[in-house]
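Here it is, the structure, as structure tokens.
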Amino acid sequence: MKNVKLHDKEFNLFIKAADIDKAIENMATQINNDLNNEKPLFLSILNGSFMFTSDLLKQITIPGTEVSFVKLASYAGVNSTGKVKELIGLNQDITGKTVVILEDMIDSGQSMSYMIGLLKAKNPRQILLAAMLYKPKALTCEVKVDYCGIELENDFVVGRGLDYDGLGRNYPDLYILSEK
Ligand code: IMP
Ligand code: MG
């Protein structure tokens with residue numbers, strides 16, 4: 001498909017599936033080389049990372065590899081005005097573990113910065129970050145991306161797990177918001 005319409009917006013074909021596959025393959029090669037003796041726990045951030053996680057993990061050959069799925073849920077605190085975020089789904093001890101966060105996209109970096117803070121409090125050996133897509137120019141806080149698939153400009157994209165208001169996650173290619 002050259003174009004897709006999601007809700008009120010048009011999106012144009014931007015990066016083909018084969019190019020994203022190649023980028024993920026390169027990430028897997030690097031991770032396999034770097035973490036071969038680590039028994040890593042891959043922590044996939046739902047919802048957006050479901051496809052990236054599947055594509056990457058099929059190529060991870062490290063003995064003792066584990067994968068778990070977590071979500072940052074927002075809820076309004078009883079007495080607070082601001083939103084509180086809570087990590088849900090992590091029901092195993094990560095003390096002393098090498099944790100590799102799998103994220104679909106790093107944009108401002110705020111969610112990752114928050115997530116890493118929550119995980120650090122659980123005393124892992126180390127936390128590494130693997131992002132399928134990364135907008136370095138959008139970063140508003142300090143986040144180190146250890147493994148990066150493809151760097152983008154500050155464009156809004158859908159597909160490959162990423163959505164526009166709930167739609168578009170299922171496309172194997174990446175689509176960019178149309179200018180018109
Ligand atoms: P951050 O906290 O600004 O880094 O937000 C990252 C999250 O926002 C990602 O995990 C995505 O779920 C979402 N996001 C950021 N950029 C895009 C985009 O271009 N398309 C769809 N979702 C995006
Ligand atoms: Mg996400």
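Atoms within each ligand, like the ligands themselves, are counted from 1 in listed order.
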With N36 via side-chain contact (heavy atoms from CB on, under 4.5 Å) - residues at least two apart: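 Partners of N36 by the side-chain contact (heavy atoms from CB on, under 4.5 Å) criterion, ordered by chain and then number, come out as I62, P63.
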Residue part near ligand 1, for D163, under 4.0 Å between non-hydrogen atoms: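 Within the 4.0 Å criterion, D163 contacts ligand 1 through backbone atoms alone.
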E103 and ligand 1 - part of the residue with a heavy-atom distance under 4.0 Å: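 Side chain only.
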Given L57, I45, I20, L102, the one that forms side chain to side chain contact (heavy atoms under 4.5 Å, CB included) with F52: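 Testing F52 for a side chain to side chain contact (heavy atoms under 4.5 Å, CB included) against L57, I45, I20, L102 leaves exactly one candidate, L102.
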Under-4.0 Å salt bridge between R160 and D21: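 So R160 pairs with D21 through a salt bridge.
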Flag, side chain of D173 to backbone of M1, donor-acceptor distance under 3.5 Å: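 The answer is no, because no donor-acceptor pair under 3.5 Å joins these two groups.
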Enumerated ligand 1 atoms positioned under 4.0 Å from heavy atoms of V157: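 Here the atoms of ligand 1 in question are 18 (C), 19 (O), 20 (N), 21 (C).
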N-O pairing of K9 and D165 below 4.0 Å: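 The answer is no: the pair does not qualify as a salt bridge.
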Of the listed options L133, I45, D104, closest to atom 10 (O) of ligand 1 (non-hydrogen atoms):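 That would be D104.
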Donor-acceptor pair, side chain of R169 and main chain of G161, under 3.5 angstrom: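 Checked: pair present.
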Atom indices of ligand 1 within 4.0 angstrom of S108 heavy atoms, with elements: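 Contacts of ligand 1 toward S108, numbered from 1: 1 (P), 2 (O), 3 (O), 4 (O).
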Test of proximity, G109 against ligand 1: N or O pairs below 3.5 Å: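 For ligand 1, there is an N or O atom that lies under 3.5 Å from one belonging to G109.
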Close-contact set for ligand 1 against K135 heavy atoms, below 4.0 Å: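 Atoms satisfying the 4.0 Å criterion: 16 (N), 17 (C), 18 (C), 19 (O).
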Residue part near ligand 1, for L162, under 4.0 Å between non-hydrogen atoms: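 Side chain only; the backbone of L162 stays clear of ligand 1.
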Close-contact set for ligand 1 against D155 heavy atoms, below 4.0 Å: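 Numbered from 1, ligand 1 contributes 19 (O).
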Numbered atoms and elements of ligand 1 in range of S111, under 4.0 angstrom, heavy atoms: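 Those of ligand 1 that fall under 4.0 Å from S111 are 1 (P), 2 (O), 5 (O), 6 (C).
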Whether F156 and F11 hold their rings parallel, tilted or perpendicular, with breakpoints at 30° and 60°: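 Answer is tilted, since the angle falls between 30° and 60°.
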